[in-house]
K.L.:
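I'd like to ask you about the structure that follows.
Any value given below was found using the heavy atoms of this structure, including those in side chains, with hydrogens, waters and symmetry copies removed.
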Amino acid sequence: MRISNLDFSYDNKQIFQDYSLEPSDGVTCLMGASGKGKTTLLKLMAGLLKPDKGTVDMDNRRVSFMFQEDRLLPWLNVRDNVLLVTDREKETDQLLEELGIDGNLKISELSGGMARRVALARCLMFESDVLLMDEPFKGLDEALVKKVASIIIRQNKPTIVSTHSLDEVEALGGEIVNL
Amino acid sequence: MTSIQENKLLKNAISRLFWLLLWQLAALKVGKELILPSPFAVVKALGRLIVTASFWQNTFTTIVRVLSGYCLGIAVAVILAVATCSNDLADSLLSPIIRIIRATPVASFIILALLWMGKSNVPVLMSMLMVVPVVWENIVAQYQATDRDLLEMAEAYRLSKWKKFRYIYVPSAFPGFLAGCLSAMGLAWKSGIAAEVLSQPSLAIGSNLYYSKVYLETPELFAWTAVVVILSMCIEKLIRKWLFRGVGHENK
């Protein structure tokens with residue numbers, strides 16, 4: 001994966017200018033103050049945004065994107081939200097159980113942290129080669145951060161995570177890229 | 001029954017009594033049944049009507065006509081809305097026509113339709129024509145307001161067109177569909193009855209309204225109008241109940 005000489009502006013604000021990055025095949029943690037472009041960079045890598053100039057080369061790898069917002073469908077239950085992106089029912093049930101979420105719950109019945117774990121389950125169950133995760137630990141307590149981090153590491157996929165917290169970086173054990 | 005419900009019932013009863021009293025006073029002041037019959041005269045006329053077989057035949061036939069037009073209108077509106085939402089060309093073709101239908105007086109359509117088809121079908125067509133723009137517009141507006149974040153999520157997870165339609169667009173447009181169906185019911189009744197008045201098919205509430213006016217039977221005119229109002233309210237209540245059950249199912 002390689003980002004080369006990237007230019008990107010939004011609403012007349014230059015976010016990236018001649019920016020290059022070559023993430024490792026392990027875990028990469030994007031850090032930086034709000035507005036520095038962490039989410040934008042992840043979206044560019046996911047192909048959800050197009051660069052003004054330069055290239056984003058993902059080596060034709062299929063990416064799974066975990067948004068900063070949970071973006072769950074309120075008219076489906078937890079299990080159906082995850083099964084929307086995969087056919088692997090058994091593994092979905094196992095993952096939800098491991099994350100401590102009842103698959104039959106309605107989205108309106110979830111707390112912030114529970115909804116975050118459902119969004120995580122959906123991201124992990126999507127058949128992909130690379131994980132792009134925008135603040136995956138938002139709203140999770142310390143114990144859950146450790147648990148979720150271990151599940152992410154276990155996937156053994158190139159993973160790029162945006163975060164504000166050094167504790168989260170430590171839990172993931174990744175390399176830091178400051179924006 | 002809770003005290004809040006009792007309070008509401010009491011308020012409703014007082015409000016109805018007030019309007020009936022006002023009507024009775026106005027009828028007494030006018031003093032001519034031909035111009036303004038009293039509530040009692042209307043109830044008497046209604047009593048005379050409901051014991052006849054023709055009352056039920058007329059009422060049943062009108063209900064069938066209006067509901068047929070209503071259901072056909074919903075079906076056509078849904079098909080046109082799907083076409084509008086899925087294709088820009090269909091959108092630019094259909095949008096102006098549907099807006100013209102909405103703006104055209106129903107009387108113009110009725111007179112035109114009388115030239116083109118049998119008079120018993122005109123009320124069905126009119127009910128349908130009034131329903132289509134309302135339901136179509138509501139569905140399209142809700143479709144256009146679909147949450148962009150969910151669509152971006154669908155793009156990120158490469159959801160198929162069918163999954164996007166079934167799991168994002170349809171549930172997003174559903175509240176608009178419900179609102180459109182509810183507000184279209186009243187229009188279907190009004191336009192259906194108006195078409196019956198102008199086309200006078202053999203069995204119809206509208207025809208009886210017309211004959212009551214021609215033969216100066218004002219209490220009957222009021223009685224038939226009361227039948228239309230009561231039927232419209234009852235059917236709207238039934239549809240509301242049925243549609244809300246649908247919402248519950250959708251959210252399960």
K.L.:
B:Ser172 vs B:Gln142, test: side-chain hydrogen bond (donor to acceptor under 3.5 Å, both in side chains). Steps then yes/no.
P.N.:
CA-CA 6 Å; B:Ser172 298; B:Gln142 285 284 326; over 6 Å; no

K.L.:
When you compare the side chains of A:Thr39 and A:Gln68, does any donor N or O come within less than 3.5 Å of an acceptor on the partner?
P.N.:
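Yes.
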
K.L.:
Using a 4.5 angstrom heavy-atom cutoff, name the option from B:Lys163, B:Glu155, B:Glu152 with the most pairs to chain A.
P.N.:
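Highest number of pairs under 4.5 Å: B:Glu152.
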
K.L.:
Non-hydrogen atoms of chain B under 4.5 Å away: do they reach the side chain of A:Leu84, the backbone, both or neither?
P.N.:
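Both the backbone and the side chain of A:Leu84 come within 4.5 Å of chain B.
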
K.L.:
Measure the shortest side-chain to side-chain distance between A:His164 and A:Ser34 over non-hydrogen atoms and say whether it is less than 4.5 angstrom.
P.N.:
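Yes; the side chains approach each other to less than 4.5 Å.
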
K.L.:
Counting heavy-atom pairs under 4.5 Å with chain B, which one of A:Cys123, A:Ser128, A:Gly47 comes out on top?
P.N.:
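Highest number of pairs under 4.5 Å: A:Cys123.
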
K.L.:
So which part of B:Ser160 gets closer than 4.5 Å to some heavy atom of chain A, the side chain, the backbone, both or neither?
P.N.:
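No part of B:Ser160 comes within 4.5 Å of chain A.
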
K.L.:
For A:Phe65, is it the side chain, the backbone, both or neither that has a heavy atom under 4.5 Å from a heavy atom of chain B?
P.N.:
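Both the backbone and the side chain of A:Phe65 come within 4.5 Å of chain B.
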
K.L.:
Applying side-chain contact (heavy atoms from CB on, under 4.5 Å) to A:Arg2 and A:Thr55, what does each step give before you reach the verdict?
P.N.:
CA-CA 8 Å; A:Arg2 183 179 293 114; A:Thr55 55; over 6 Å; no

K.L.:
Centres of the B:Phe55 and B:Trp224 rings: under 6.0 Å?
P.N.:
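Centroid distance B:Phe55-B:Trp224: below 6.0 Å, so yes.
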
